[in-house]
There are 2 protein chains.
Amino acid sequence: MPKKVDHQERRALIIDALMRVAASGGLEAVSLRHVATEAGVTAGMVQHYFATKDEMMRFALEGIVERTSARIDAAMAAAPSPMTPAATVRTLLTTLLPLDEPRRADGRVAVSFLAYAAVEPAAAGLLREGTQQMIAFMADQVRAVRADIDAEAAGAGLIGLMEGLSLYVLNGHLAGDAAIRALDTHLRLVFSSEA
Amino acid sequence: MPKKVDHQERRALIIDALMRVAASGGLEAVSLRHVATEAGVTAGMVQHYFATKDEMMRFALEGIVERTSARIDAAMAAAPSPMTPAATVRTLLTTLLPLDEPRRADGRVAVSFLAYAAVEPAAAGLLREGTQQMIAFMADQVRAVRADIDAEAAGAGLIGLMEGLSLYVLNGHLAGDAAIRALDTHLRLVFSSEA
DNA sequence: CCGGTGTCAATACAGTCGTAATGTGAAAAC
DNA sequence: GTTTTCACATTACGACTGTATTGACACCGG
């Protein structure tokens, strides 16, 4: 066997470049040559590690969900251990809002993939599982504090709200603190008023 | 002067074809030739009515906001005249959810433009005004019934929620009736419980 | 009736796209 | 030391893109 290279590392390098390209120019700006240039490598090398563009896109999508799940884990780990459901939900949702530049960059890419998924059902499948888990988790948190409302519906509402607010922040329709205010107002209605 | 043609009508014909193309293949499938084929005309004719592709896209975006605002007007006109704020908000938000195929088609196109706007600030400007108006209107409705919560934040939350739920419905993460349940659960929290 | 003008059609052009094929060099295996 | 095999680089190809250009045809004012 000849030279040994860490495939995973090379792929990560390329996918990172893809993210930067997509964050600044949208998914339509993503081409083998653009990504290669951004990564500082030749187009041939990109082709060597991803046989097809679709494969590269699939890896990028997986990278996004993996990145956000890592963000969630980090936020939960950094928070004080015993937490009320309300605080747990707030921590989770605020870490998912695009409130600083790195998260905004990821957010822009995620939106592009969302639009892509609205048209390409195959991509939607990869996102579905994560969303379902989040909804179920939120529903559990709601169920823990009130029995007078549909917990499943409230859970879907919580992360749906986060998603919508994220969109508005990304498009500049809403400032970051306005999004947080909207989120807190909703959280207060769900968690701090009893039946 | 030679033959007289209704420019507006021709443009509408082309934009309609563009919508169909974008609804089924995303914004990246929109090309002069594709749109022309879908409209059943030659590419030269499309070029005759839209000097550039950007101009065509601008018209398409305007067409989308115009179409949704028409939907709103129709829904409000069809509803019984004296309405409680809660009913008004519910009517408005449910007509904006992509619950049937025509609205889903429009929704898919809208999502594409949303992703486009996240990268192209010029397009975001066209959407901003409509969103701001909706938020303000929602805030007014909230203010009319409760004084104990931040009405502006609650308004942003209402239409943010609708947007997020729309996204999930379009991507198949949520069924239409589940989205309505989530919406109603939220509405009940905002409107039916007093301070 | 007749130039002129708006409406459309056809084609050319330069660029980019994804993919395939081929070539080069170096490191590991034997 | 030879040979194999992986890691890249380069180039070629056909398809497609947006735009510019040119031309035919029909209509209408004079």
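As a basis for the values below, the full set of heavy atoms in this structure was taken, side chains included, without hydrogen atoms, waters or symmetry mates. Everything quoted here is computed from the prediction, not taken from an experiment. Every chain is numbered from 1 and lettered A, B, ... according to where its sequence line falls, protein lines coming before strand lines.
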Give each protein N/O atom lying under 3.5 Å from an N/O atom of nucleotides 12-17 of chain C, with the pair distance.
residue, atom, partner, partner atom, Å
dC17(C), OP1, S31(A), OG, 2.9

Give me the distances for all protein-to-nucleotides 20-22 of chain C N/O pairs that come in under 3.5 Å?
residue, atom, partner, partner atom, Å
dA20(C), N7, Q47(A), OE1, 2.8
dA20(C), N6, Q47(A), NE2, 3.2

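Listed in residue order, the members of residues 113-126 of chain A having a heavy atom less than 4.0 Å from DNA chain C come to none.
Partners of Q8(B) under the side chain to side chain donor-acceptor pair (under 3.5 Å) rule, at least two apart in sequence or in another chain, do not exist in this structure. Residues satisfying the ring-ring contact (aromatic ring centres under 6.0 Å, His included) test with F113(A), not counting sequence neighbours, are none. Every residue meeting the ring-ring contact (aromatic ring centres under 6.0 Å, His included) condition with Y49(A), not counting sequence neighbours, appears here in chain and number order: H7(A). Every residue was checked against the ring-ring contact (aromatic ring centres under 6.0 Å, His included) condition with Y116(A), not counting sequence neighbours, and none meets it. Judged as a side chain to side chain contact (heavy atoms under 4.5 Å, CB included), and not counting sequence neighbours, the contacts of A154(B) are T185(A), V142(B), I149(B). Not counting sequence neighbours, A136(B) has no partner by the side chain to side chain contact (heavy atoms under 4.5 Å, CB included) test.
Dashed line: the shortest gap from a side-chain N or O of T52(B) to OP1 or OP2 of dG18(D) is not under 4.0 Å. Note on R10(A): a side-chain N or O is less than 4.0 Å away from OP1 or OP2 of dC8(D).
One interatomic measurement links the two molecules: CZ of F50(B) to C1' of dT7(C), which rounds to 15 Å at whole-angstrom precision. Nucleotide dG25(C) holds its P atom 17 Å from the NE2 atom of H48(A), rounded to whole Å. We find that CE of M45(A) is positioned 8 Å from C1' of dC8(D), with the value rounded to whole Å.
Bending across the helix from dC1(C)-dG30(D) to dC30(C)-dG1(D), expressed as the angle between its end axes from five pairs apiece, amounts to 10° (10° rounding).
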List the atom pairs, donor and acceptor, that lie under 3.5 Å between side-chain atoms in residues 62-69 of chain B and the rest of the protein, sequence neighbours left out.
residue, atom, partner, partner atom, Å
R67(B), NE, D106(B), OD2, 3.1
R67(B), NH2, D106(B), OD1, 2.8
T68(B), OG1, I64(B), O, 3.4
T68(B), OG1, V65(B), O, 2.9
S69(B), OG, E66(B), O, 3.4

Listed pairs under 3.5 Å, donor-acceptor, residues 158-180 of chain B side chains, sequence neighbours left out:
residue, atom, partner, partner atom, Å
E163(B), OE1, Y168(A), OH, 2.3
S166(B), OG, M162(B), O, 2.9
Y168(B), OH, E163(A), OE1, 2.3
N171(B), OD1, A118(A), N, 3.3
H173(B), ND1, T131(A), OG1, 3.3

